[in-house]
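Worth saying up front: this structure is predicted, and the values here are computed from it rather than measured. What's counted below: heavy atoms across the whole structure, side chains too, no hydrogens, waters or symmetry copies.
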Amino acid sequence: MSTESTAILQGKRILVSGGTRGMGAAAAGLLAHLGAQVIVAARTRPDGAGQLSVVADAATPGGARAIADAVTRDLGGIDVIVHCVGASFAKPGGALALSDADWDAALATNLLSAVRIDRELLPRMVSQGTGSIVHVSSAQWKRPSPLSPAYGPAKAALVSYSKVLATEFAPHSIRVNVVTPGFIATSLAEQRIEQIRQSTGGTREQAMAELITAIGGVPLGRPGDPAEVARLIAFLASDAASYITGTEIVIDGGNLQTL
């Protein structure tokens with residue numbers, strides 16, 4: 001990678017929420033490598049020494065305010081928000097087994113966490129007349145699963161909210177886009193593969209193949225790597241994507257075969 005390409009985010013002040021594992025951690029690491037000042041927000045502190053971080057639950061109003069305060073204290077402002085918070089809240093029994101509390105938790109984590117952080121930080125972007133927001137959704141909003149009935153609808157709401165935000169704040173030169181990953185090799189995906197392996201008694205490779213079949217197949221024949229998602233996030237965060245807003249980009253190895 002050239003010196004020029006490793007500095008495409010030089011000086012950008014970036015918050016990565018949900019940035020301690022999986023795609024969020026990959027994004028935080030890459031954005032810092034590309035020259036950004038990065039602060040990571042999550043419910044647990046990251047392992048990496050020297051990384052700016054704030055321990056807070058973005059799904060709560062108090063947590064979102066604590067994150068915004070840390071951004072002001074440690075970065076002095078904000079140029080980019082990358083929102084990677086998400087959880088599926090899988091529960092046996094299907095949709096009718098979900099209580100109001102289950103739905104509230106799914107919506108708070110997958111939608112309202114982004115709403116609350118944006119509400120805290122967007123006015124600062126407006127005042128400076130520029131900014132970029134990247135919300136990470138999930139292919140499950142396009143391919144609902146009865147195993148996690150609230151997750152897909154909550155992520156669908158995140159996509160719709162992002163489109164509204166993009167239209168409203170475009171006059172302030174603030175871009176809002178969505179990254180929608182499919183099957184990505186995260187620790188949560190690995191847990192699901194291990195569950196299948198234990199239930200079938202087969203090998204890990206057989207469990208992986210069964211999972212890929214269950215989600216409708218992946219033409220590229222493999223799960224994505226968090227680093228691949230991170231590169232897409234970095235592009236949308238950078239000025240290289242200066243004319244892209246209100247857009248959802250799916251990164252799924254060809255899994256979703258609908259227009």
Side-chain angles (χ1 to χ4, degrees), residues 9 11-25 27-32 34-46 48 50-87 104-137 154-155 157-179 230 233-234 236-238 245:
L9 290 169
K12 296 286 189 184
R13 299 162 299 181
I14 300 181
L15 165 68
V16 180
S17 64
T20 58
R21 63 180 184 177
M23 292 175 281
L30 178 60
L31 295 169
L34 295 175
Q37 302 176 64
V38 177
I39 184 168
V40 168
R43 291 180 297 178
T44 57
R45 195 168 299 281
Q51 187 177 45
L52 290 175
S53 64
V54 52
V55 177
D57 185 354
T60 66
R65 283 192 295 272
I67 290 167
D69 290 344
V71 166
T72 300
R73 181 185 67 243
D74 295 334
L75 299 183
I78 189 71
D79 299 301
V80 179
I81 300 168
V82 176
H83 190 76
C84 298
V85 173
D104 287 345
L107 289 168
T109 300
N110 295 294
L111 171 64
L112 294 180
S113 56
V115 171
R116 287 167 174 151
I117 288 177
D118 294 343
R119 191 165 54 208
E120 292 285 345
L121 295 176
L122 258 170
R124 306 175 198 199
M125 290 183 171
V126 170
S127 66
Q128 66 196 22
T130 185
S132 175
I133 297 174
V134 181
H135 291 148
V136 177
S137 182
K155 286 297 191 181
L158 178 65
V159 175
S160 179
Y161 159 71
S162 301
K163 187 72 172 180
V164 170
L165 215 62
T167 302
E168 180 178 353
F169 289 94
H172 300 283
S173 297
I174 297 169
R175 300 181 298 104
V176 184
N177 292 291
V178 176
V179 169
I233 290 171
L236 290 173
S238 76
T245 194

Set of side-chain contact (heavy atoms from CB on, under 4.5 Å) partners for R65, sequence neighbours left out: P61, E120

Point-to-point distance, once rounded to the nearest 0.5 Å, from OG of S132 to CZ of R175: 4.0 Å

Atom pair CG (L112) and OG1 (T60), whose distance is rounded to the nearest 0.5 Å: 11.0 Å

Shortest non-hydrogen contact from R116 toward A108: NH1-CB, 4.4 Å

Spacing of NZ belonging to K163 relative to CG belonging to N177, to within rounding of 0.5 Å: 9.0 Å

Pairwise side-chain contact, H135 with L165, heavy-atom cut-off 4.5 Å (strictly under): yes

Sub-4.5 Å side-chain heavy-atom contact between L52 and L75: yes

Gap between atom OG of S113 and atom CG of L111 - 0.5 Å precision: 7.5 Å

Exercise: identify the closest heavy-atom pair between T20 and A25: C-CB, 3.7 Å

Which atom of N110 lies closest to which atom of A154, heavy atoms considered: CB-CB, 3.6 Å

side-chain contact (heavy atoms from CB on, under 4.5 Å) between Y161 and D118, intermediate numbers included: CA-CA 11 Å; Y161 159 71; D118 294 343; 2.7 Å; yes

Nearest atoms (heavy-atom pairs only) where Q51 meets A28: NE2-CB, 3.9 Å

Separation of L34 CG from K12 NZ (nearest 0.5 Å): 12.5 Å

Validation: residues 122-131 side-chain donor-acceptor distances under 3.5 Å, sequence neighbours left out:
from	atom 1	to	atom 2	distance (Å)
R124	NH1	A68	O	3.4
R124	NH1	T72	OG1	2.0
S127	OG	R124	O	2.7
Q128	OE1	R13	NH2	3.3
Q128	NE2	I78	O	2.7
Q128	NE2	D79	OD1	3.4
Q128	NE2	T130	O	3.3

Exercise: identify the closest heavy-atom pair between R45 and V55: NH2-CG2, 3.5 Å

Pairwise salt bridge (charged side-chain N to carboxylate O under 4.0 Å, His left out) hits with a residue in residues 165-174, at least two apart: none

Nearest atoms (heavy-atom pairs only) where A56 meets I67: CB-CG1, 3.8 Å

CD1 on I117 to CD1 on I133, rounded to 0.5 Å: 10.5 Å

